[in-house]
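Residue numbers start from 1 in every chain, and the chains themselves are labelled A, B, ... in the order their sequence lines are given, proteins ahead of strands.
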Amino acid sequence: MTSRDHILDKLRKAAPREPGPLPDVAADAELYADMPVATDVPALLAMFEERMTELKGETHVVPNAEAAAKTLESLLNGAEPGVCQVQDAELIDAVLAHLPEPPRTIQGQEKLADPNTVMGAVDTSVSVVDALVARTASLIVRSSSCGGRRLSVLPPFHIVLARASQLVPSLEDAFEFLSAETDAPWSYGVVISGPARTGDIERILVLGAHGPKRLAVIIIDDTA
Amino acid sequence: MSKELSAFLERSSAEIGSENRQRALKRAITNHEIAFHARRSEQLVDWQDSRRRAAAVKDAALANLPELLEKFEERFSARGGQVLWARDGDEACNHVTDIIGRHGADLVVKSKSMTAEEIHLNEHMEAAGITVVESDLGELIVQLAGEKPYHIVMPAMHKSKEEIGDLFERTLHIEHTVDPYELTMAARAHLRDSYLNAKIGMTGGNFIIADEGAIVVCENEGNARLGTACPQVHIALVGIEKMLPRLADLALFLPLLATSATGQQITCYNNIFRGPRLPGETDGPEEMIVILLDNGRTDVYAREHYRETLRCIRCGNCSYVCPVYSKIGGHAYDTTYQGPIGSVITPLMKGIKSWNHLSFASSLCGACTDACPVEINLHRFLLDNRAMAVEENVVGGPWAMLMRFWSHVMQSRARVNRYRTVFKWIEPIMRCLMPKDKRKRTPRLAKESFSQQWRHSDD
Amino acid sequence: MPAEAGFGHKVVAQCFPVTYTLPVNVSTQVSVFIPCLIDQVYPEMGMAMVAVLRRLGFEPSYDRRQTCCGQPAFNAGHRDEAREVGRCFLDVFEGAETIVCPSGSCTAMVSEYFPVIFENEPEQAAAAAIGGRMAEFSDFLCRSGAVDRIGGTASGTVALHNSCHSYRELRLEDQAERVARRIEGCTWAQPEGEPVCCGFGGLFSIKYAPVAGAMAEKRLEAFTENHVDTLISNDPGCIMHMRHEAEALGLSMNIVHLSEFLDTAMSAADSPVESSESRR
């Protein structure tokens, strides 16, 4: 008997004959006291910014792609010298169009896909996200749409370009989104809440343990 | 006294007598307590409600476990993932070394997995000539120190920054420092190459998601992400009881786990692994293998009343609140799962004969039961284990005799009074034989019992 | 229900507490249950409770047949022996309408765990019901309203150690403190936060003495830090264990039962006699 059959068999023998229905999934509003007060963009933006600051990440709210480009430029100017790796994405292209002379070498997706690219040499990355969660200041990232797995974790400085319309109130919305059918099948997703951290040494907070030490989210709010 | 109990007491006394350990325990526990209470009231509308719901979801997952495991396997496999089943630790270890051997690799970068600790996977891999690099900072520290984890969530809880500074200077050959940031950066630098060059990455799993066909790994450092983004193979080892039916259940469990484990709103990275890299994706492992581990879980499952213990989401909160753990720390238990949950499940999984002393090592204060985010009746299971130990005759003979005698006396007031008179004669002799300091501290029998005094007042 | 593999006794974990219910017409007649530890070693704690109850207008009766609730055996895993002793308890207290007990742990044994040890036994119904008739001392004083008639004086810096069984099994969060605070003249130095175990745990304090001792030392620290000179508790086991450790540490702290604290304070103030209107 295979181990699989052995295990399933043992479980089946002991499992209740009629296990009953699964409990309903509770709404986040029932569970969480720290929900956004309203679900309009200004309220969600305010909460996202507040929570992201608590997590020691940065939020930059700008009105358009041009302003986003300026913010990106100043972030790159202030960052470690080195290559900046970006992914192919409409939003990134739109912003970079306003930055014809970037302060750093910017590598495109073709470099990322090239196995000879030494990701270790890249200091900054720019990616998009699939959604932003206000309550927990989380980024919802999937490998198929956000430039793969390494882009948002290897470089010490991760910059995100997003739109305010991507904001959702709480995690339940994010998981609903992730569960939905998609044209772009994904093998990996991650809920990112802040720069990397550890408390393993005397519970003293240290940022940048292995993942990015610095996380900046540029949100284009074109709803105003 | 059994040799296990005697060894346990020796280890406990050593921990109690160590100023360093007591300081480290106090610091970690106090910090956690503050963070946990603050976060719980900030984040949750009603802790009791959240844990009741979480218990109900876990119970439903367990009640439907065979079907959910099959569903997981089907959906995960449909995307190119492989599922292996392991009856016991040896089988799981062999799966791992087979996979590594097949790829001709000799280096594994590994993120934290208590399940891997449980089956002594590192020792098995090292014996097969494979270098294991622990990438979680706490696990790296204990690995470099040649020790076992001190707590299931905070493995290096017992180490001060001074001790870690000395350790890193000695083993990583860096300039001496006690600055946590510098120490962490040293670890980061030390591990960087492993991520980029290792062929094999290993993780544990916090949750199995049936409807999504996914494994969820919760972490703060990004080491699990790195260990699964670059290598060609991702092996995930996970106990079968980690099941959640739906992705949507994570909206309850991720914040609850983070609150209970570290006092965070949510852990920094919650990874959802659905399989190997798909066509069109930029990167990711070519192969992803999930090893579903039994190793005694089906035995616990088969005992309907104990099945509740399989709800455990390994948050470690019970250890933090346990007044016993707060004095003796994790190493005294000498087993993978420490604190209250460990004291409940270790006798069930590793045998009541050699491990019942853990279930007796408690004052039954009940703090653990109140702290558990999935409402496991921990202190009551300790009582059940004790009764089981007595039933199976693994508790020392003299105690059983003593209890029978005690019961015999206690069933009759006349007998109590009679034996009291006898004992009052023996007592002074016994006291003389005691060491002086014990004598001072041991209370005497009262001159007259309450019952005798009452009788006088009646007359 | 599938048979328990190799373990015939009902598992405790599925049981829920039975709490004391105040009878609709509170009688002044109450039965007392004196824990074996108080009976044999600390009778003064029992006498003090009786004295306090009398001062508050109750007529406590003591059935001399009583011995023990069976908890030491139950906690040690010896359920057969616990049942034998428990049977006697059920017999003695069969007719008692209200049982008052100066120990949270004994009260919890009866109300939480009697239903467990007597499941499928002839005494099952009696065991399920008795918890509803038994109250821990401070809980009884609060529920009956007698707490409002308590008055007295004491001096010094006091604090209360609420036993784990009272706090977690019986869910008595503040009853003992409420009662003790009726006494005037002393300074309260109660540590913040939830109560922490003193480390008694019955036979645990003997079998695991080094650990239990360390736990007691830690618990006492919370009080010595606050310069407490009189520590009050509602459980004789906790008191015995903490006195034991306090002696070893050379502390001058007095550790007393709530009943003793009240009795002394009430006689010091020549406690007021209740008027018949204020008695409910």
Given heavy-atom pairs under 4.5 angstrom as the criterion, report whether the side chain, backbone, both or neither of [X] touches chain B.
{"X": "C:Pro195", "value": "neither"}
{"X": "C:Pro60", "value": "backbone"}
{"X": "C:Cys198", "value": "neither"}
{"X": "C:Val92", "value": "neither"}

What part of [X] lies closer than 4.5 angstrom to a heavy atom of chain C: side chain, backbone, both or neither?
{"X": "B:Phe423", "result": "neither"}
{"X": "B:Ser359", "result": "neither"}
{"X": "B:Ala389", "result": "neither"}
{"X": "B:Val416", "result": "side chain"}
{"X": "B:Leu5", "result": "side chain"}

Tell me whether the guanidinium CZ or amine NZ of C:Arg243 lies under 6.0 angstrom from the six-membered ring centre of C:Tyr42 and within 45° of its axis.
yes
Can you tell me which of C:Gly46, C:Ser163, C:Gly77 forms the most heavy-atom pairs within a distance under 4.5 Å of chain B?
C:Gly77
Let's test your reading of the structure: which of C:Val50, C:Asn75, C:Val196 forms the most heavy-atom pairs below 4.5 Å with chain B?
C:Asn75
Contacts with chain C made by residues 10-17 of chain B (heavy-atom distance under 4.5 Å), listed by residue number:
B:Ser12, B:Ser13, B:Ile16
Return yes if a side-chain donor-acceptor contact under 3.5 Å exists between [X] and [Y], otherwise no.
{"X": "B:Thr369", "Y": "B:Asn377", "result": "no"}
{"X": "B:Asn385", "Y": "B:Tyr306", "result": "yes"}
{"X": "C:Glu169", "Y": "C:Tyr113", "result": "yes"}
{"X": "B:Ser451", "Y": "B:Ser449", "result": "no"}
{"X": "C:Asp235", "Y": "C:His161", "result": "no"}
{"X": "C:Glu173", "Y": "C:Tyr167", "result": "no"}
{"X": "C:Asn234", "Y": "C:Asn162", "result": "yes"}

With under 30° as parallel and over 60° as perpendicular, where do the rings of C:Phe93 and C:Phe33 fit, or are they tilted in between?
perpendicular
What orientation do C:Phe114 and C:Phe118 show, parallel under 30°, tilted 30 to 60°, or perpendicular over 60°?
perpendicular
Scan B:Gln452, B:Arg413, B:Arg420 and name whichever one has a side chain to side chain donor-acceptor pair (under 3.5 Å) with C:Asp39.
B:Arg413
With respect to chain C, which residue among [options] yields the maximal number of heavy-atom pairs within a distance under 4.5 Å?
{"options": "B:Cys365, B:Pro443, B:Gly366", "value": "B:Cys365"}
{"options": "B:Ile328, B:Thr442, B:Val390", "value": "B:Val390"}
{"options": "B:Asp370, B:Val395, B:Leu445, B:Leu378", "value": "B:Asp370"}
{"options": "B:Ala414, B:Ala361, B:Ser412", "value": "B:Ala361"}

Would you mind writing out the side-chain donor-acceptor pairs for residues 396-410 of chain B within the sub-3.5 Å range, not counting sequence neighbours?
| unit_1 | atom_1 | unit_2 | atom_2 | d |
| --- | --- | --- | --- | --- |
| B:Ser407 | OG | B:Gln411 | NE2 | 3.0 |
| B:Ser407 | OG | C:Glu84 | OE1 | 2.6 |
| B:His408 | ND1 | B:Arg415 | NH1 | 3.4 |

Show me the donor-acceptor pairs, under 3.5 Å and distance only, between side chains in residues 203-218 of chain C and residues at least two apart or in other chains.
| unit_1 | atom_1 | unit_2 | atom_2 | d |
| --- | --- | --- | --- | --- |
| C:Ser205 | OG | C:Gly202 | O | 2.7 |
| C:Tyr208 | OH | B:His357 | O | 2.6 |
| C:Lys218 | NZ | B:Ser326 | OG | 3.1 |

If contact means a heavy atom pair closer than 4.5 Å, which residues of residues 247-257 of chain C contact chain B?
C:Glu247, C:Ala248
Does a side-chain N-to-carboxylate-O contact under 4.0 Å join B:Arg303 and B:Asp384?
no
Ionic contact status for C:Glu121 with C:Arg87, cut-off 4.0 Å
yes
Nearest 0.5 Å please: distance from the OH atom of B:Tyr419 over to the CD1 atom of B:Ile426.
10.5 Å
Give a yes or no answer on whether the side chain of C:His244 reaches the backbone of C:Met240 with a donor-acceptor pair at less than 3.5 Å.
no
